[in-house]
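For reference, the structure is listed below as structure tokens.
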Amino acid sequence: MLIDSHCHLNYKGLAEQQDAVLERARAAGVKGFLNISTRQREWADIVATAHRHADVWASVGIHPHEADEHVDLGAAALRAATDDPRVIAIGETGLDYYYDHSDRQVQQDLFRVHIAVARETGLPLIIHTRDAEDDTARILTEEMGKGAFPALIHCFTASAEFGQKMIELGLTISLSGIVTFKNAKELQAFAAEVPEDRLLVETDAPFLAPMPHRGKVCEPAFVADTLRFVASLRGETPQALAETTGRNFAALFAKAGIAWTIAA
Ligand SMILES: [Zn+2]
Ligand SMILES: [Zn+2]
């Protein structure tokens, strides 16, 4: 049950050849795709893709890079977009202080809007965080204290200490192709230690192609390479890890309604 928990099928590089990209991924054993939005004007397109394919689902949200463009986006508009049956997640949202493309306070305010909608709808929050560990942890701790909500850190690249804190807060950790990079030793050590019920894999395609595809346009088929690499780090078979991460996906994204039967 190999699933790409985070891809951007409507982004340049994949959008022009979307059907072929999906076919190659299915041929590589990928059974499901979560197509992630980053701007409000993309939502309709991203949801439409999910309506065309039974194995594609959609998220709605605003990437922290785009926060400045969405200062007026209220919880009501975001909540209304989640009514669609193919929308199973909120995000990606969060904080990115590495690029600082948007004002930090605006990023934080919008992050909290997404959190409120995740809490209200019960849909998982997909969090992007870069060079913003302290504020991400502070906001999540404060907001979890007001009422729990399901959430994951996507494309996890932060410190093991931050990762441990996220696990304690109840979050799931999603690993991208970055974990396969030669210089990602600390991340690889952490990946081996993530509790098995808190782990997902993703591509973040069209970005961040894993080894041995590094430098190419990333596509969801490559999630199989990341899965194989993480399985070897953990001393598991790829089949076992695909089953574990597939089960985690089905449990976290319950609205997807994936029928899950444990292999006999
Ligand atoms: Zn991201
Ligand atoms: Zn992304």
Side-chain angles (χ1 to χ4, degrees), residues 3-15 18 21 25 30 32-43 45-47 49-50 56-70 78 87-102 104 106-108 110-111 114-115 118 123-133 135-137 139-140 151-159 162-163 166 171-181 184 187 200-210 213 216-223 226 249 252-253:
I3 290 177
D4 187 354
S5 303
H6 189 117
C7 54
H8 299 277
L9 297 170
N10 296 60
Y11 271 29
K12 204 163 157 278
L14 301 182
Q18 200 179 65
V21 161
V30 183
F33 309 83
L34 182 46
N35 194 18
I36 306 291
S37 57
T38 59
R39 291 169 288 201
Q40 188 176 19
R41 67 171 183 274
E42 301 168 347
W43 292 355
D45 248 15
I46 283 170
V47 173
T49 300
V56 177
W57 297 276
S59 78
V60 288
I62 308 299
H63 194 285
H65 288 345
E66 315 293 338
D68 281 350
E69 302 294 315
H70 295 82
L78 189 56
V87 172
I88 63 167
I90 312 288
E92 59 186 290
T93 178
L95 305 175
D96 194 313
Y97 296 172
Y98 180 79
Y99 286 108
D100 272 331
H101 285 334
S102 284
R104 291 183 178 185
V106 174
Q107 293 186 41
Q108 292 184 25
L110 206 52
F111 186 25
H114 286 72
I115 289 170
L123 297 179
L125 189 72
I126 296 167
I127 299 167
H128 169 113
T129 180
R130 189 157 182 205
D131 278 10
E133 290 188 15
D135 280 351
T136 303
I139 289 171
L140 286 171
L152 67 90
I153 303 292
H154 109 84
C155 190
F156 184 90
T157 56
S159 68
F162 175 81
M166 295 300 104
L171 276 72
T172 292
I173 304 293
S174 183
L175 297 171
S176 73
I178 289 179
V179 74
T180 71
F181 296 176
L187 179 58
L200 293 174
V201 287
E202 63 170 74
T203 57
D204 208 9
F207 313 110
L208 304 169
H213 308 288
K216 289 192 221 162
V217 171
C218 185
E219 50 179 88
F222 300 167
V223 76
T226 299
F249 184 91
L252 188 60
F253 298 100

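Start at 1 and go down the list; that is how both ligands and their atoms are numbered.
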As a test of reading the structure, name the N/O/S atom of Asp204 that is nearest the Zn ion (ligand 2). OD1
Could you tell me the separation between the CH2 atom of Trp43 and the CD1 atom of Ile62, rounded to the nearest 0.5 Å? 5.0 Å
Counting heavy atoms not belonging to Gln18, are there more than 12 under 6.0 Å from its CD? yes
How about His6: does one of its N, O or S atoms come closer than 2.8 Å to the Zn ion (ligand 1)? no
With Glu92, the side chain to side chain donor-acceptor pair (under 3.5 Å) member among His65, His114, His8: His8
What do you get for the angle at the Zn ion (ligand 1) between NE2 on His154 and OE1 on Glu92, to the nearest 10 degrees? 90°
What N/O/S atom of His128 gets nearest to the Zn ion (ligand 1)? ND1
Is the Zn ion (ligand 2) under 2.8 Å from any N, O or S atom of Cys7? no
Report the relative orientation of the aromatic rings in His101 and Tyr99; use parallel for angles under 30°, tilted for 30 to 60°, perpendicular for over 60°. parallel
Please report the shortest heavy-atom distance between Ile173 and Gly163, naming the atom on each side. CD1-O, 4.3 Å
